[in-house]
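Notes follow the structure.
Just so you know, ligand 1 is whichever comes first in the structure, and atom 1 is the first atom listed for that ligand.
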Amino acid sequence: MNSLALDNEMVWYDPELVSADLVEMFDPSYWQEKQKVTGSANGRGTTWFVDLDHLEGALRHYRRGGMLGKLIQDSYLFSDWESTRSFQEFQLLNIMKDAGLHVPRPIAARAVKRGPFYTADLLSEKIPKSRDLVSILQEAPLPAEIYQKIGREIRKMHDLQVNHTDLNIHNILIDDNDKIWLIDFDKCYQQTGDGWKISNLARLKRSFEKELHKRNIHWSHEDWCYLGFKVGI
Ligand SMILES: Nc1ncnc2c1ncn2[C@@H]1O[C@H](COP(=O)(O)OP(=O)(O)O)[C@@H](O)[C@H]1O
Ligand SMILES: [Mg+2]
């Protein structure tokens, strides 16, 4: 990892993957002007997919959710550069990637300091030819083998002691080779012990149940068993 320190701004990047202007590349309009926006997805904010010549990137500006989000939208209290959301996620993705987990390769992260606050952005690899579990399950149910693979990926993450604090079915992708990918590691961290793992799983189960009612996904409680977690949730 390389880094670039500017007046009020810090950029961390993988020099092998970055070919664009280090500061401008976090601005979606930079890619729009070059006609290199290839798509977008909506979560909390908009994730822009951009053409990086050799690979596609997913560009995300960090935003708050909930009530607080309506007031301060995208500002976080600054303490030090290495505690910023973007640096934390960039580093965690690197650790997981090195351990062989199926997560997006981090390309670059940035934090911009404004008074006591900062804003943050992350550019990671877009998982090629993938869709999230919600949109897949809106069309058809999934076979047991796929659920077993999903369970295996989550176990790999937990074996590395990574707590995914927002494990839901929007954050699980499946590509055209049926490879399972986990995404969206904002506010996630490595933690000792095991007690918290069940909370990740409970959240995931709630997510299936929520989308069952909200979007009529093709899912039943029996499918939960195929994930292969011994504990009853
Ligand atoms: N690396 C990626 N590859 C493919 N799709 C992605 C990637 N990152 C995000 N997406 C898409 O964008 C959506 C929102 O991104 P996400 O990182 O989950 O942010 P948030 O949920 O905080 O808005 C995801 O549900 C997914 O559909
Ligand atoms: Mg998400």
Side-chain angles (χ1 to χ4, degrees), residues 13-14 17-18 20 25-26 28 31 36-70 72-76 84-97 101-111 119-139 142 150 153-154 157 162-189 200 203-208 210-211 214-215 217:
Y13 62 100
D14 180 336
L17 298 177
V18 171
M25 69 178 176
F26 293 101
W31 299 102
K36 286 196 166 184
V37 173
T38 55
S40 64
N42 284 313
R44 197 164 287 174
T46 302
T47 298
W48 298 96
F49 301 128
V50 298
D51 176 5
L52 299 170
D53 298 334
H54 301 294
L55 73 167
E56 248 183 287
L59 179 61
R60 188 185 64 189
H61 186 66
Y62 287 72
R63 283 180 202 285
R64 290 176 182 279
M67 286 297 283
L68 198 60
K70 294 204 170 70
I72 39 178
Q73 294 189 354
D74 66 346
S75 294
Y76 302 89
T84 56
R85 298 285 189 100
S86 47
F87 180 76
Q88 289 284 321
E89 187 169 353
F90 184 87
Q91 284 298 71
L92 187 59
L93 286 172
N94 268 324
I95 290 168
M96 291 189 288
K97 199 83 210 165
L101 299 201
H102 303 159
V103 299
R105 188 185 307 278
I107 299 170
R110 158 173 94 157
T119 58
D121 307 271
L122 181 75
L123 180 62
S124 60
E125 167 197 26
K126 179 181 183 236
I127 307 308
K129 298 185 179 131
S130 65
R131 293 171 68 199
D132 72 46
L133 211 44
V134 181
S135 64
I136 294 172
L137 288 174
Q138 276 179 287
E139 284 173 10
L142 284 169
I150 295 170
E153 269 320 295
I154 295 170
M157 177 180 79
V162 172
N163 184 345
H164 196 312
T165 50
D166 193 19
L167 191 61
N168 64 53
I169 57 175
H170 292 273
N171 291 333
I172 298 175
L173 308 182
I174 305 181
D175 72 16
D176 61 338
N177 291 317
D178 286 343
K179 189 166 165 181
I180 312 298
W181 298 81
L182 302 178
I183 64 164
D184 197 0
F185 289 89
D186 179 23
K187 279 197 290 183
C188 302
Y189 46 87
N200 283 185
R203 190 182 184 91
L204 178 63
K205 190 161 182 227
R206 280 201 303 276
S207 168
F208 278 112
K210 178 179 161 190
E211 301 302 344
K214 194 171 158 188
R215 284 179 241 251
I217 58 167

In terms of atom number and element, which parts of ligand 1 are under 4.0 angstrom from non-hydrogen atoms of D132? 27 (O)

If you measure every N/O of K126 against every N/O of ligand 1, is any gap under 3.5 Å? no

Atoms of ligand 1 less than 4.0 Å from E125 heavy atoms? 1 (N), 2 (C)

Residue pair L122 / F87, side-chain heavy-atom distance below 4.5 Å: no

Let me know which of D132, N171, D175 forms a side-chain hydrogen bond (donor to acceptor under 3.5 Å, both in side chains) with W181. D175

Do any nitrogen or oxygen atoms of R44 come within less than 3.5 Å of a nitrogen or oxygen of ligand 1? yes

Protein contact to atom 7 (C) of ligand 1 [nearest heavy atom, distance to 0.1 Å]: A58 CB, 4.0 Å

Have a look at R64, R60, K129, R63 and point out the one with the heavy atom closest to atom 17 (O) of ligand 1. R60

For ligand 1, the portion of W181 having any non-hydrogen atom under 4.0 Å away: neither

Geometric cation-pi criterion R206 and F208, 6.0 Å radius, 45° cone: no

shortest atom 20 (P) of ligand 1-to-protein heavy-atom contact is with D184 OD2, 3.6 Å

Taking the side chain as everything from C-beta on, heavy atoms only, tell me whether I107 gets closer than 4.5 Å to D14. no

Side-chain contact, heavy-atom cut-off 4.5 Å: L142 with I174? yes

Atom 24 (C) of ligand 1 [closest protein heavy-atom partner, distance rounded to 0.1 Å]: I183 CD1, 3.6 Å

With sequence neighbours excluded, what pairs up with Q88 under the side-chain contact (heavy atoms from CB on, under 4.5 Å) test? none

Taking all non-hydrogen atoms of both residues into account, name the closest pair between V50 and T38 and its distance. N-OG1, 3.9 Å

List the atom of C188, the atom of L92, and the distance in Å for their closest heavy-atom pair. O-CD2, 3.5 Å

Ligand 1 contacted by Y62 (non-hydrogen, < 4.0 Å): no

side-chain hydrogen bond (donor to acceptor under 3.5 Å, both in side chains) partner of R110, chosen from T84, T119, D121: D121

Given a threshold of 2.8 Å, state how many protein N/O/S atoms are nearer than that to the Mg ion (ligand 2). 2

Closest non-hydrogen atom pair between I183 and P104, with its separation: CG2-CG, 3.7 Å

Would you mind running through ligand 1 and noting each atom that sits below 4.0 Å from a heavy atom of A41? 11 (C), 12 (O), 13 (C)

So the atoms of ligand 1 within less than 4.0 Å of a heavy atom of P104 turn out to be 1 (N)

Specify side chain, backbone, both or neither for N171, according to which of its non-hydrogen atoms lie closer than 4.0 Å to ligand 1. side chain

Does ligand 1 have a heavy atom under 4.0 Å from the side chain of L173, from its backbone, from both, or from neither? side chain

Numbered atoms and elements of ligand 1 in range of I127, under 4.0 angstrom, heavy atoms: 1 (N), 2 (C), 3 (N), 4 (C)

How far is atom 15 (O) of ligand 1 from the closest protein heavy atom, and which atom is that? T47 OG1, 3.4 Å

Show the nearest heavy-atom pair for residues S40 and F49, with the distance to one decimal. N-CD1, 3.6 Å

Using a strict 4.0 Å cut-off to heavy atoms of H170, name the atoms of ligand 1 that fall inside it. 25 (O)

Classify the ring geometry of H164 against F185: parallel below 30°, tilted from 30° to 60°, perpendicular beyond 60°. tilted

Separation of K187 NZ from E89 CD (nearest 0.5 Å): 11.5 Å

Short N-O contact, D184 and R60, less than 4.0 angstrom: yes

